[in-house]
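As the structure is a prediction and not an experimental result, all values here were calculated from the model. Whatever order the structure lists them in is the order used to number ligands and atoms, beginning at 1.
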Amino acid sequence: MPESTTLERGNLTPCSDAPLLTRHPGNPLLSQKDWPYRINSVFNAAAVRLADGDTLLLCRVEERTGLSHLCAARSANGVDNWRIDPQPTLHPNSKDFPDEIWGIEDPRITYVPELEQYAVAYTSFAHGGPGVSLALTKDFREFERYGVIMPPEDKDAALLPRRIGGRWALIHRPMTALGAHMWISYSPDLRHWGSHKIILEARRGGWWDANKIGLCSPPIETDKGWLMIYHGVRQTASGNIYRLGLALFDLERPDVCLQRGDSWIFGPEASYERGGDVNDVVFPCGQTIGEDGDTINVYYGAADSSVALATGSIRSMLAWLDRNSGPMERRAS
Ligand code: BMA
């Protein structure tokens, strides 16, 4: 049966629909000029609200060598007065972990109540390409490094905060002969991974998320399922455009996609997103949830040059998915 188009289905979003994410007027929140030591750029930060109420951003910092490390910035309101570690918080350790020889990038933080620790999944970069590494920490000062848990080429990974059917679950984006799709893998101990399965495919052809997708921040557990913000990469004659979309997965079967939005919900529009080291990129790696359990603060890298913030509502995102997800057969088209 031929695919129907959005136009044919007559469900184009009305112009009156409020945007799902609103940029903070103080954007960009963090850039090179804020750093206590000399760097090229700061972007793609993981985010978490700490027990003391502070927001911690674990930022990807690109040095003037071109290689990246991770550095923590803390703030009471998650917007300004950032207290930035005076030196790298997690630096590549290529002596013990040769897979980090070209740096570490794009972390995602998950608090894991069972372990009473934060799990940091990040990209480690070496001759074989990017791979997924894992480290655990209680305080973002001492880290227990697990090394590479998904070999190259793989990235855009985050751990789910609890076991599913007794096993830990990791979402990630390997590059395979099948394409750049999102997968889930399971482990009894965070070290040995298996039961690999594709959970969301890049679409094809003219779609905004054709050819390459990846997880943004860690999925959010809601009553309706795991709410996921993912990025889609549109390849154009003047370069790639990184935009954000939404999908929802079954709570106890996170490999089962329940809904996938047709259109993107956020894309590069502001000058700091449209122009930078890499133009036309919005790339979240973390979010915090407000006291009301609904407000979502999405921290995103802008144009591979700065860290910015956009705020929305989880309830509105779920309602939008109800209105804007196409029929099942279109979700992998
Ligand atoms: C992706 C990642 C991100 C980066 C983005 C845009 O592949 O490497 O770190 O922000 O490209 O350059």
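Every atom of ligand 1 with a heavy atom of Arg60 under 4.0 Å away is listed here by number and element: 9 (O).
In this structure, the protein non-hydrogen atom closest to atom 9 (O) of ligand 1 is Asp106 OD2, 2.5 Å. In terms of protein heavy atoms, atom 12 (O) of ligand 1 is closest to Asp304 OD2, 2.8 Å. Considering only non-hydrogen protein atoms, atom 1 (C) of ligand 1 sits nearest to Tyr242 OH, 3.4 Å. Of all protein heavy atoms, the one lying nearest to atom 8 (O) of ligand 1 is Lys155 NZ, 3.2 Å.
For Gln235, the CD atom counts as densely surrounded, since its 6.0 Å shell holds more than 12 non-hydrogen atoms of other residues, nucleotides or ligands. For Glu144, the CD atom is densely surrounded, since the number of other residues' heavy atoms within 6.0 Å is greater than 12.
The shortest N or O to N or O distance between Glu105 and ligand 1 is not below 3.5 Å.
At least one side-chain heavy atom of Trp193 sits under 4.5 Å from a side-chain heavy atom of Ile149. Counting heavy atoms from C-beta outward, Leu215 and Met182 have side chains that approach closer than 4.5 Å.
The residue Asn240 has no part lying near ligand 1, judged by heavy-atom distances below 4.0 Å.
A donor and an acceptor atom, one from each side chain of Asp106 and Thr123, are nowhere located under 3.5 Å apart.
When ring centroids are compared, Phe283 and Tyr300 stay outside the 6.0 Å threshold.
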